[in-house]
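Data block below; observations after.
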Amino acid sequence: MYKLFYIIFRPAFLILNALKLMRHLYIIRKFIFFIQLFIIVSALHAEDGHQLWLRFDKTKATFPCFSGINACDSRFAVKEFQYDWNEMTGNRLQVVNVLNNNTLVIGTLKDRNIVSFGVGNELKQLGMEGYIIKTIHQNNKNITVVASAGDKGLLYGVFHLLRIIQTNKFPQSLNISEKPSYAVRILNHWDNQDGSVERGYAGHSIFWRYGEKHPTVTDKDKVLWKEYARANASIGINGAVLNNVNASPDMLSGAYMQKVKAIAEVLRPYGMKVYLSINFSSPSALGGLKTSDPLDKDVVKWWNIKAKEIYQLIPDFGGFLVKANSEGLPGPQDFGRTHADGANMLADALKPYGGIVMWRAFVYNAGKDDRAKLAYKEFMPLDGQFRDNVIVQVKNGPIDFQPREPFSPLFGAMKRTALMPELQITQEYLGQGNHLVFLASMWKEFLESDTYCSGKGSTVAKITDGTLLKSRLTAIGGVANIGEDTNWCGHHFAQANWYSFGRLAWNNRLSSDDIAEEWIRMTFSNDSNFIKPVKEMMLESHEAVVNYMMPLGLHHLFAFGHHYGPEPWCDVPNTRPDWMPKYYHNAGEDGIGFDRSATGSNAVEQYISPLREQLNNIDSCPEKYLLWFHHVPWHKKMKDGHMLWDELCYTYNHGVKQVRQFQTIWDKAEQYVDSERFIHVQTRLKIQAHDAVWWKDACLLYFQQFSKRPIPYDVERPVYDLNDLKKTKLNMTEHN
Ligand code: GCU
């Protein structure tokens, strides 16, 4: 930033200094002063990305010519609209009592005018979060109406209206009616009370600070939380879990709860509820009880009292997220009880207040069986045993947020239990803060996967949003990528993943293409010369990262601990085998891949017919999942005629080329982007291009030892040496 500032403004300062020599000229002195002021003010207005997609002051669009606004000015949603409209146009819309041509009406069923439009029934059906935006013709007048049954829906409707204006898509006539796909649309912050963020790549926590035994709340905190809540409301996110799933018991102690209360107060007007991750052994660790057994009456009492205390402080508290008996954390199995026993006990404590329990299915107790099968094996027998305010939170794939995984077979199998998808917005396994990867494409692939649970077309989306499997509770969670960095997410393009999560949680039928375009228009520009190539780059970016990291169904080739670079050779003594890449790739002279077919671990059995048979057969298994489900000989002929080894080489190579192409696209886009964000992204694309080569060389050179075949000549030659790569150790210290 400083360098840029220097390059641009240094000549100006030199000229000004020369002019200063003529100090006696008063007029020149004034001139110098104003120019300097201008320079400083422009520098202060540098594009740091803090505004996210809410850049109303920069909107370059054709604005609808509203003649006035008919609305109750004290409503939160109306205030938000007036403020943003003012930012966009420089004017405040005048409040009018009579409906003239082009009046904008914003209101709920409590407003007389809204009822008079005859939209009452529709609004009731859309629920408290749904809304309509319509052009109504009345007495030869065109009236634009934004209406909802409730205040939350009105706010979402207002943000929708603003979005169509901002993206220059305001039509002649409007006929929009929306309600959310999922009732709970929630961010999971993996934020620790010491201010660090597990798998976070955007700075410290926005909620917690280092070294605070008695957490404090400053005005600056409140401003930041308000901006955070507003951004979430603008995309329909209505909840946040404020602390890491690896939760510490003292999160529920008085000092922390006061801060949770303060956060809830800031988030509430934006329709967001707060939730907490809890540690299952809190009754003993925090409450001093002898046990945390969920069937012990003192433990039950402890949680009941705790729930009461929480709701006295925060009447609309959302509930608990629980990671239990997973990766060393305590849980009901420590006392010989089941996950259902644990979840139900907590659910009963929250029930009187309307709270919910999100119980995670991320469990894989060490054993002999394939890790990909373990969650299913543990949870399937419990199907139908959970209370109706429990929802089981299942990661999209059966392992752990890999660049590409098939969907977890629990989706579709557990028909009598509410299930919520857990997506990872933070890019733990996808280049972290450095790689440009647009995740909407990956999430759409998952949501549109056919589970066949109620015949063909039983997509994950339809079975989790209540369309096919009816459940009282529907939800979707995303592990947040937000931190204290000025631009919130580290990489400017990572903002698109926060945005996409919200948009898909609101409407899981949206296409990744539409989401990308909305985001580009709002965040950067409405210029089609910019939108087209940048959108193509975003839409290709997930496939690219899969290609240069783990193509054809390979998975978990990551370096131990930090999960950034490649280490297919990794072998840490005395460590769980299923934390080692070799467990997954099984490379040998006979081939590569994990045999999960009926002759292997038989994980395919957990999927429903005809998908089970399709995956089981090496010839019908989609090639993108081939090495996930099969151990395949190096010479196996692939669909395009190449043998597997060559295909692997070409695919890694293609991934590298794709990133190089992204660099070209971005360089060409320079004229449409402010220099600060341009350079930020350009610098990271350089790192990404470097990393892509690193991945390609590391994986190909390592696997070549087993395939014993040459790298085809039309594949870029390795630039690294395998032995050197093996010595590369990044100084990152996360556990696996
Ligand atoms: C991964 C991740 C951990 C996290 C865990 C979870 O294993 O690396 O940091 O705690 O998932 O989802 O619980």
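Both ligands and their constituent atoms are indexed starting at 1 by order of listing. Nothing fancy with the numbering, it's 1 onward along the sequence.
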Please work out, at 4.0 Å between heavy atoms, whether the side chain, the backbone, both, or neither of [X] comes within that distance of ligand 1.
X	result
Trp190	side chain
Asn246	side chain
Val479	neither

Using a 4.0 Å cutoff against the non-hydrogen atoms of [X], which atoms of ligand 1 qualify?
X	result
Glu428	2 (C), 8 (O)
His563	8 (O)
Asp400	1 (C), 7 (O), 11 (O)
Glu198	3 (C), 4 (C), 9 (O), 10 (O)

Does a salt bridge link [X] with [Y], judged by any charged N lying under 4.0 Å from a carboxylate O?
X	Y	result
Glu567	Lys726	no
Asp194	Arg209	no
Arg337	Asp293	yes
Glu543	Arg404	yes

**Message:** My understanding is that we take every heavy atom of each candidate and find the minimum distance to atom 6 (C) of ligand 1. Doing that for Phe558, Phe362, Trp579, Tyr429, which one comes out nearest?
**Reply:**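 Heavy atom nearest to atom 6 (C) of ligand 1 belongs to Phe362.
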**Asked** Would you say Tyr364 and ligand 1 have an N/O pair spaced under 3.5 Å apart?
**Response**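 Not met; the criterion fails.
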**Check: Glu422 N/O within less than 3.5 Å of ligand 1 N/O** =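 The answer is no, given that Glu422 and ligand 1 share no N or O pair closer than 3.5 Å.
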**Request:** Evaluate the ring planes of His563 and Tyr429, with Trp represented by its six-membered ring, and classify them as parallel (under 30°), tilted (30 to 60°) or perpendicular (over 60°).
**Result:**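 Parallel.
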**Item:** Aromatic ring pairing Phe493/His491, orientation class (parallel under 30°, perpendicular over 60°, tilted between)
**Value:**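 Perpendicular: the ring planes of Phe493 and His491 meet at over 60°.
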**Residue among Trp303, Phe280, Trp359 satisfying ring-ring contact (aromatic ring centres under 6.0 Å, His included) with Phe320** =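 With Phe320 as partner, ring-ring contact (aromatic ring centres under 6.0 Å, His included) holds for just one option, Trp303.
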